[in-house]
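Quick notes on the structure that follows.
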Amino acid sequence: MKCPYCFYQESKVVDSRPTDEGERIRRRRECLSCGKRFTTYEVIETTPLMVVKKDRSREQFNREKLLTGLLRACEKRPVSLKTLEGVVDDIELSLQNSLEREVCTEKIGEMAIERLKGIDEVAYVRFASVYRQFKDIHSFMEELNAILRTKEQD
């Protein structure tokens with residue numbers, strides 16, 4: 001690490017401790033040439049996850065957009081914010097752990113639909129109706145009938 005005072009290329013670590021709930025490491029260093037001390041921070045480098053939208057444009061993954069959509073679907077339903085944040089955390093972790101750096105909105109939507117199905121059926125249908133853009137009442141009824149068939153099998 002280059003000294004900010006004399007620009008010498010080598011220094012030694014004098015103290016090291018985690019900060020920001022373990023997200024970063026703070027290191028106190030001492031220059032091996034001039035002896036002055038300075039602080040550096042070490043953070044995990046993450047590759048941004050890009051979302052490919054329906055119009056083929058790309059934007060960085062935004063967990064707040066996903067949470068907002070889930071909140072809208074769960075409006076006036078007995079689903080806690082903590083549960084929905086857990087869903088978003090789970091989806092984000094799954095996406096980050098995949099080897100793909102670009103993911104289409106369809107995949108994110110399907111992941112959300114799948115998780116909502118086990119949490120609240122009404123919220124699931126609301127989210128699916130907006131996400132899948134049901135063209136008419138028949139496509140909506142097909143989805144409802146599929147839910148009913150699944151419930152009867154359980």
Side-chain angles (χ1 to χ4, degrees), residues 1-2 4 11-29 37-154:
M1 182 65 62
K2 184 168 49 171
S11 63
K12 68 177 182 179
V13 176
V14 178
D15 182 42
S16 190
R17 63 182 68 186
T19 61
D20 298 332
E21 297 177 9
E23 296 293 318
R24 301 189 306 167
I25 295 180
R26 177 184 180 269
R27 298 196 193 280
R28 286 293 292 161
R29 296 179 178 269
R37 291 188 174 189
F38 57 98
T39 303
T40 61
Y41 293 91
E42 183 179 311
V43 268
I44 295 174
E45 183 177 44
T46 58
T47 307
L49 180 64
M50 299 304 290
V51 176
V52 181
K53 299 172 76 174
K54 288 181 183 176
D55 66 359
R56 310 313 286 157
S57 65
R58 287 164 171 69
E59 65 180 45
Q60 197 165 345
F61 176 78
N62 183 344
R63 61 179 284 118
E64 294 305 314
K65 278 187 170 183
L66 179 57
L67 183 60
T68 299
L70 293 172
L71 283 168
R72 205 170 291 134
C74 293
E75 201 168 292
K76 297 184 182 180
R77 299 297 304 155
V79 180
S80 71
L81 177 60
K82 186 175 183 172
T83 300
L84 295 179
E85 287 174 338
V87 168
V88 173
D89 289 343
D90 185 44
I91 291 171
E92 186 175 23
L93 184 62
S94 295
L95 294 171
Q96 288 289 350
N97 287 339
S98 75
L99 298 176
E100 299 174 46
R101 292 295 57 147
E102 289 189 342
V103 63
C104 60
T105 55
E106 289 84 9
K107 182 174 182 177
I108 297 170
E110 289 301 326
M111 292 172 85
I113 287 171
E114 196 57 40
R115 284 159 179 81
L116 275 177
K117 191 183 283 188
I119 295 172
D120 187 278
E121 290 172 344
V122 173
Y124 157 75
V125 172
R126 285 178 180 172
F127 193 89
S129 69
V130 171
Y131 174 73
R132 292 185 178 150
Q133 299 176 341
F134 294 139
K135 301 293 183 225
D136 55 28
I137 192 72
H138 296 294
S139 55
F140 191 77
M141 284 303 296
E142 286 175 20
E143 190 69 32
L144 291 175
N145 287 330
I147 294 171
L148 290 173
R149 282 190 298 274
T150 305
K151 282 190 78 85
E152 288 171 358
Q153 291 172 358
D154 291 342

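Computed from a predicted model, the values in this text were never measured in an experiment.
At a cut-off of 3.5 Å, with distance as the only test, no side-chain donor of Thr19 or Arg26 sits close to an acceptor on the other residue. Side-chain atoms of Thr40 and Arg29 include a donor-acceptor pair closer than 3.5 Å.
Residues passing the side-chain contact (heavy atoms from CB on, under 4.5 Å) test with Ser98, sequence neighbours excluded: Glu100.
Looking only at side-chain heavy atoms (C-beta outward), Ile119 and Tyr124 stay at 4.5 Å or farther from each other. A heavy-atom distance below 4.5 Å is not found between the side chains of Leu93 and Asp89. Inter-residue side-chain proximity for Arg58 and Val51 is flagged as unmet; no heavy-atom pair is nearer than 4.5 Å. Arg27 is not listed as a side-chain neighbour of Met1, based on a closest heavy-atom distance of 4.5 Å or more. Taking 4.5 Å as the limit, every side-chain heavy atom of Leu116 sits out of range of all side-chain heavy atoms of Val87. Side-chain atoms of Tyr41 and Val43, non-hydrogen and from C-beta on, never get closer than 4.5 Å to each other. Here the side chains of Phe61 and Glu92 are in contact, with some heavy-atom distance below 4.5 Å. Proximity of Lys65 to Glu59: side-chain heavy atoms (C-beta onward) are separated by under 4.5 Å at one or more points.
Expressed to the nearest 0.5 Å, how far CD of Glu85 lies from CG of Leu81 amounts to 4.0 Å. Leu84 contributes atom CG, which lies 4.5 Å from atom SG of Cys74 (distance to the nearest 0.5 angstrom). In this structure, CZ on Arg37 lies 11.5 Å from OG on Ser11, to the nearest 0.5 angstrom.
Checked by atom type and distance alone, the side chain of Arg126 pairs as donor or acceptor with a backbone atom of Glu75 at under 3.5 Å.
Nearest approach of Gln96 to Arg101, heavy atoms of both residues: O-NH2, 3.5 Å.
Annotation: Arg63, atom CZ; neighbour count of heavy atoms from other residues, nucleotides and ligands within 6.0 Å is above 12.
Contact check on Glu106 versus Lys53 returns no salt bridge, with no Lys/Arg side-chain nitrogen under 4.0 Å from an Asp/Glu carboxylate oxygen.
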For this session: Could you please spell out the steps behind the salt bridge (charged side-chain N to carboxylate O under 4.0 Å, His left out) verdict for Arg115 and Glu110?
Result: CA-CA 9 Å; Arg115 284 159 179 81; Glu110 289 301 326; over 6 Å; no
